[in-house]
Amino acid sequence: MSKPSIPQGTRDFSPAEVRRRRYILDTLQALFELYGFAPLETPSMENLVTLTGKYGEEGDRLIFKILNNGLHEKKEDDKAKLNAEWDKLLSRPYSTPVVTERALRYDLTIPFARYVVMHQSELSFPFRRYQMQPVWRADRPQKGRYREFWQCDADVVGSTSLINEAELLGIYRSAFAKLQIPVTIKINSRKLLAALAELCGMPDKMMDITVALDKLDKIGWVGVAKELQERGITDEGIWQIEKVINVTGTNDEKLLAYSDIMQNSPAGIAGINELSKTLAYYRELGFRNWGSGAENWEPRTDNILVDISLARGLNYYTGVIVEVVCSHPDVKMGSIGGGGRYDDLTGLFGLKGLSGVGISFGIDRIYDVLEELKAFPEQLAEGTVAMLVNFGGENEIYALHILSQLRTAGIAAEIYPDPAKFDKQMKYANKRAISYVLLPGDEERLQGKVSLKNFISGQQQLLSVEECIKMIKS
RNA sequence: GAGGUUGUAGCUCAGCAGGUUAGAGCAUCAGAUUGUGGUUCUGAGGGUCGAGGGUUCGAGCCCCUUUAGCCUCCCCA
């Protein structure tokens, strides 16, 4: 027999881990609901054609494909068909429909777009939904990167108002305040990146500029300039870009400076307006009491930063884009959330002119950050609160009755199922970190009582079941 | 796709310059202790040293091949 193992890039979650993960998910879910978003779930697998071509060249490669059923039934016809496809397979590493026509979900946005198009007649727009489900990528796993991981998205489709952007930023603000993670929310607009390309006189080079610029905080300006040169940007263009990224100051000051530099670019002006309007809405969203003054803001741990070097990989974003990073100095972690506006997402599936904007939480990374900051609430560890020792015989039945009463009172309780040695039962309770142990033995049963032992203090007393319940609950 | 690194008991790892029968801690089980846990003490079980080949009188250690995990780059969450 071989050693048991799990596929590369997947993980088991222990009871303690599941509790902590649920804490994150529950926190986010409560906020999504509070902000008026509706839950949605889609299948783990989609038709392959739904997914291919949506995530860029690299993306197609990283889709997990599912082998078609029935390939093992070696009918002569099928064999012939398979052989015919084999050559195609060899010449092109991509799959043919004979071998695979389904694939595992790669993200939550495309399935959402597919859902919206399929159910457009039933939905009322603007449609706000949230979705928390696992996704799969055939990527090479590394630290903080898995082949199976959870995404947690909230999107609005069917509205171009920047209030949506501001609301989503508000969710970020509330969420990270609740989770007690200090964050920087970087914000930019694809339109500014387009304007930047115009400024260089090379509007068709926007993607190249974007990709290079995205690495600014990693490789510095010198590295970026080098990459820009390799990507065929002229020296004049590079100089223009340098001028823009060298702008410093508050968000307002930056936007003001950009509007000066980009005054001849319609895209640039549009982008700047987009950002300043979003930020203005966002400010107003933080108020608690109308008209009671600036002191009454929602508590927050975030800091919003206009950052023109922010790019984000996905190529369907068209307007505002955001990315969240933990700003605690001890935490070295990539982005823990991101999102943006896509003007025509559902157009891919034939429904034109529907604009959407969404955000995503990287809950695996949020988990790691909380772990590092030791910011998980203490009481999450608690499972079973009380355990009944099993003394066998009549005592066993007596114990079951007590067990039932404890549970009715809302106390998480269990009985040791076997009348094992006392010592063994106590050790079990200790290892499980159970706070109370109840001893229903002969002496106790005859008095209609039970001994309650507090496993933290070690103290023990003889009580009625009602008194026990009271004691445990206090 | 490119590179680096590791693989020895269920888990975490030792292992001398190639030299008898491969070790420790934790975990498991049993006992000191059939109604009092955490920290003790005693004992026991458990290994094709990732796999295959080669060098050698002799390989866990050296060489080749292979495989799996982890990490870095690319890209991303």
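In what follows, every heavy atom counts, from backbone to side chain, and hydrogens, waters and symmetry copies are set aside. A quick note: this is a predicted structure, and the numbers were derived from the prediction, not measured. Order of the sequence lines sets the chain letters (A, B, ...), proteins ahead of strands, with each chain counted from 1.
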Please state how far atom [atom1] in [X] lies from atom [atom2] in [N], giving the value in whole angstrom units.
X        : N      : atom1 : atom2 : result
A:Met426 : B:rU34 : CE    : P     : 15 Å
A:Met132 : B:rA77 : CE    : C1'   : 16 Å
A:Met387 : B:rG35 : CE    : P     : 14 Å
A:Glu443 : B:rU36 : CD    : C1'   : 12 Å
A:Glu396 : B:rG35 : CD    : P     : 15 Å
A:Leu62  : B:rA77 : CG    : P     : 11 Å
A:Asp214 : B:rA77 : CG    : P     : 10 Å
A:Arg145 : B:rU72 : CZ    : P     : 9 Å

First of A:Ser360 and A:Pro141 reached from the 5' end of RNA chain B, by closest nucleotide: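 Nearer the 5' end of the strand: A:Pro141.
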Position toward the 5' end of RNA chain B (nearest nucleotide), A:Tyr146 or A:Thr10: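 Closer to the 5' end of RNA chain B: A:Thr10.
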Taking the same atom, [atom1], in [N] and in [M], what whole-Å distance lies between them?
N      : M      : atom1 : result
B:rG19 : B:rG3  : P     : 34 Å
B:rA14 : B:rU8  : P     : 10 Å
B:rG45 : B:rG31 : C1'   : 15 Å
B:rG1  : B:rC74 : C1'   : 8 Å
B:rG23 : B:rA32 : C1'   : 27 Å
B:rG7  : B:rC61 : P     : 11 Å
B:rC76 : B:rU67 : P     : 30 Å
B:rC11 : B:rU21 : C1'   : 25 Å

Should [N] form a Watson-Crick or G-U wobble pair with both distances under 3.5 Å, which nucleotide is its partner?
N      : answer
B:rC26 : B:rG10
B:rA59 : none
B:rG31 : B:rC41
B:rG3  : B:rC71

Could you check whether [Y] and [X] have their ring centres less than 6.0 Å apart?
X        : Y        : result
A:Phe64  : A:Tyr106 : no
A:Phe32  : A:Tyr130 : yes
A:Tyr172 : A:Phe361 : yes

Qualifying residue for side-chain contact (heavy atoms from CB on, under 4.5 Å) with A:Met387, from A:Leu438, A:Ile434, A:Leu406: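 Exactly one candidate clears the test, A:Ile434.
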Shortest side-chain distance from [X], nucleotide among [options]:
X        : options                : result
A:Lys143 : B:rG35, B:rU72, B:rG37 : B:rU72
A:Gln8   : B:rG69, B:rG37, B:rU36 : B:rG69
A:Gln142 : B:rG37, B:rU72, B:rC75 : B:rU72
A:Arg140 : B:rC76, B:rG1, B:rG35  : B:rG1
A:Gln151 : B:rU36, B:rA77, B:rG35 : B:rA77
A:Asn430 : B:rG37, B:rG69, B:rU72 : B:rG37

Contacts under 3.5 Å, N or O only, protein and nucleotides 28-31 of chain B:
{"unit_1": "B:rU28", "atom_1": "OP1", "unit_2": "A:Lys431", "atom_2": "NZ", "d": "2.2"}
{"unit_1": "B:rG31", "atom_1": "OP1", "unit_2": "A:Lys421", "atom_2": "NZ", "d": "3.4"}
{"unit_1": "B:rG31", "atom_1": "OP2", "unit_2": "A:Lys421", "atom_2": "NZ", "d": "3.0"}

Under-3.5 Å donor-acceptor pair between A:Gln460 side chain and B:rU36 base: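 Yes, the side chain and the base share a sub-3.5 Å donor-acceptor pair.
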Distance-only donor-acceptor test, A:Glu444 side-chain atoms vs B:rG35 base atoms, 3.5 Å: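 Per atom types, the contact qualifies.
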Base, sugar-phosphate, or nothing: which does [X] touch, judged by heavy atoms less than 4.0 Å apart?
X        : value
A:Phe455 : base
A:Gly458 : base
A:Tyr428 : nothing
A:Glu148 : nothing
A:Asp139 : base

Aromatic ring pairing A:Tyr416/A:Tyr428, orientation class (parallel under 30°, perpendicular over 60°, tilted between):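 Perpendicular.
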Worked verdict on A:Asp155 versus A:Arg129 for salt bridge (charged side-chain N to carboxylate O under 4.0 Å, His left out): CA-CA 6 Å; A:Asp155 293 76; A:Arg129 75 88 232 230; 2.4 Å; yes
Between [X] and [Y], a side-chain donor and acceptor under 3.5 Å:
X        : Y        : value
A:Ser174 : A:Tyr35  : yes
A:Gln151 : A:Ser360 : no
A:Glu444 : A:Ser451 : yes

Donor-acceptor contact present, side-chain A:Asn188 to main-chain A:Ile308, <3.5 Å: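 Checked: pair present.
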